[in-house]
Colleague: 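Take a look at this one; I'll ask things after.
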Amino acid sequence: EDQVTQSPEALRLQEGESSSLNCSYTVSGLRGLFWYRQDPGKGPEFLFTLYSAGEEKEKERLKATLTKKESFLHITAPKPEDSATYLCASNYGQNFVFGPGTRLSVLP
Amino acid sequence: NAGVMQNPRHLVRRRGQEARLRCSPMKGHSHVYWYRQLPEEGLKFMVYLQKENIIDESGMPKERFSAEFPKEGPSILRIQQVVRGDSAAYFCASSPRLPGLAGGRDEQFFGPGTRLTVL
């Protein structure tokens, strides 16, 4: 069965303390790996799409990387406004499978 | 360019009533996905539709749930005879193209969700 797992489940950082979130997937025929940010009570907000191992994408303090079995979302010098749940998802043709998310809290 | 719109944002129903959730995709998008999210859980795929066609409904319960995306108007997710276990946030997402085609750009864009509470 195609699965997406994320770790840690929750992460608490001090402002400025860099860290990484992990997304692991077991797939057959992975098409793409997606990262979203979700704030409480809102819909997921698209961040990145990665398609091939070795690919990297950056946006402000976030950088996403992809290997053959996992993806990392690196957060450099986070700020309190980066607090949210970060979701990763993969698609296999037409199907999209989401991981359970990592709840990130950045303390001032 | 308006984003994905969903309404109502909050819906309260009593057990046995019908719930009707609407989703208007982004302009130019003809592909719609519905997901359900329970508290502290991830998004679970329900159904994928194109205009006038259901492409994949493998994640949708066989009974009481139905979805449509007519030629004109929004996509509708309909839940008949709701039960307490149907209480959840329902999200719709849209994309401009069939996923899996060469050239990338499979990302989906989500609406704000409808929070269904069944009393």
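We name chains A, B, ... by the order of the sequence lines, and we start the count at 1 in each one.
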Colleague: Mind ranking A:P44, A:G32, A:G43, A:G101 by heavy-atom pairs under 4.5 Å with chain B and telling me who comes out on top?
Modeller: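 Top count of heavy-atom pairs under 4.5 Å with chain B: A:P44.
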Colleague: If you group Ile, Leu, Val, Met, Phe, Trp and Tyr by side-chain heavy-atom gaps below 4.5 Å, do B:L43 and B:M60 land in one group?
Modeller: no
Colleague: Are B:Y35 and A:F98, when compared by the centres of their aromatic rings, separated by less than 6.0 Å?
Modeller: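 Between A:F98 and B:Y35, which both carry aromatic rings, the centre distance is below 6.0 Å.
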Colleague: Measuring from atom NZ of A:K42 to atom CZ of B:F110, what distance do you get when rounded to the nearest 0.5 angstrom?
Modeller: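 These two atoms lie 16.0 Å from each other.
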Colleague: Less than 6.0 angstrom separating the ring centers of A:F96 and B:F45, yes or no?
Modeller: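 Aromatic pair excluded; centres sit 6.0 Å or further apart.
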Colleague: Can you confirm whether A:K79 is buried at NZ, in the sense that more than 12 heavy atoms of other residues, nucleotides or ligands lie under 6.0 Å from that atom?
Modeller: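 No, the 6.0 Å shell around NZ holds no more than 12 heavy atoms from other groups.
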Colleague: Side chain, backbone, both or neither: which part of B:Q37 has a non-hydrogen atom closer than 4.5 Å to chain A?
Modeller: side chain
Colleague: Determine whether more than 12 heavy atoms belonging to other residues, nucleotides or ligands lie under 6.0 Å from atom CD of A:E81.
Modeller: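 Counting neighbours around CD of A:E81, more than 12 heavy atoms of other residues, nucleotides or ligands fall under 6.0 Å, so yes.
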Colleague: With a 3.5 Å distance limit and no angle check, can you tell me whether A:Y36 reaches the backbone of B:Q108 through a side-chain donor-acceptor pair?
Modeller: yes
Colleague: Let me know if A:Q6 has heavy atoms under 4.5 Å from chain B in its side chain, its backbone, both or neither.
Modeller: neither
Colleague: Answer yes or no: are there more than 12 heavy-atom neighbours, outside A:R61 itself, under 6.0 Å from its atom CZ?
Modeller: yes
Colleague: Are there over 12 heavy-atom neighbours, none belonging to A:E17, within less than 6.0 Å of that residue's CD?
Modeller: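 It does: A:E17 CD has more than 12 such atoms within range.
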Colleague: Nearest heavy-atom pair of B:E107 and A:Y51: which atoms, and what distance?
Modeller: OE1-OH, 4.0 Å
Colleague: Tell me whether B:M46 is reachable from B:I76 by hopping between hydrophobic residues (I, L, V, M, F, W, Y) whose side-chain heavy atoms are closer than 4.5 Å.
Modeller: no
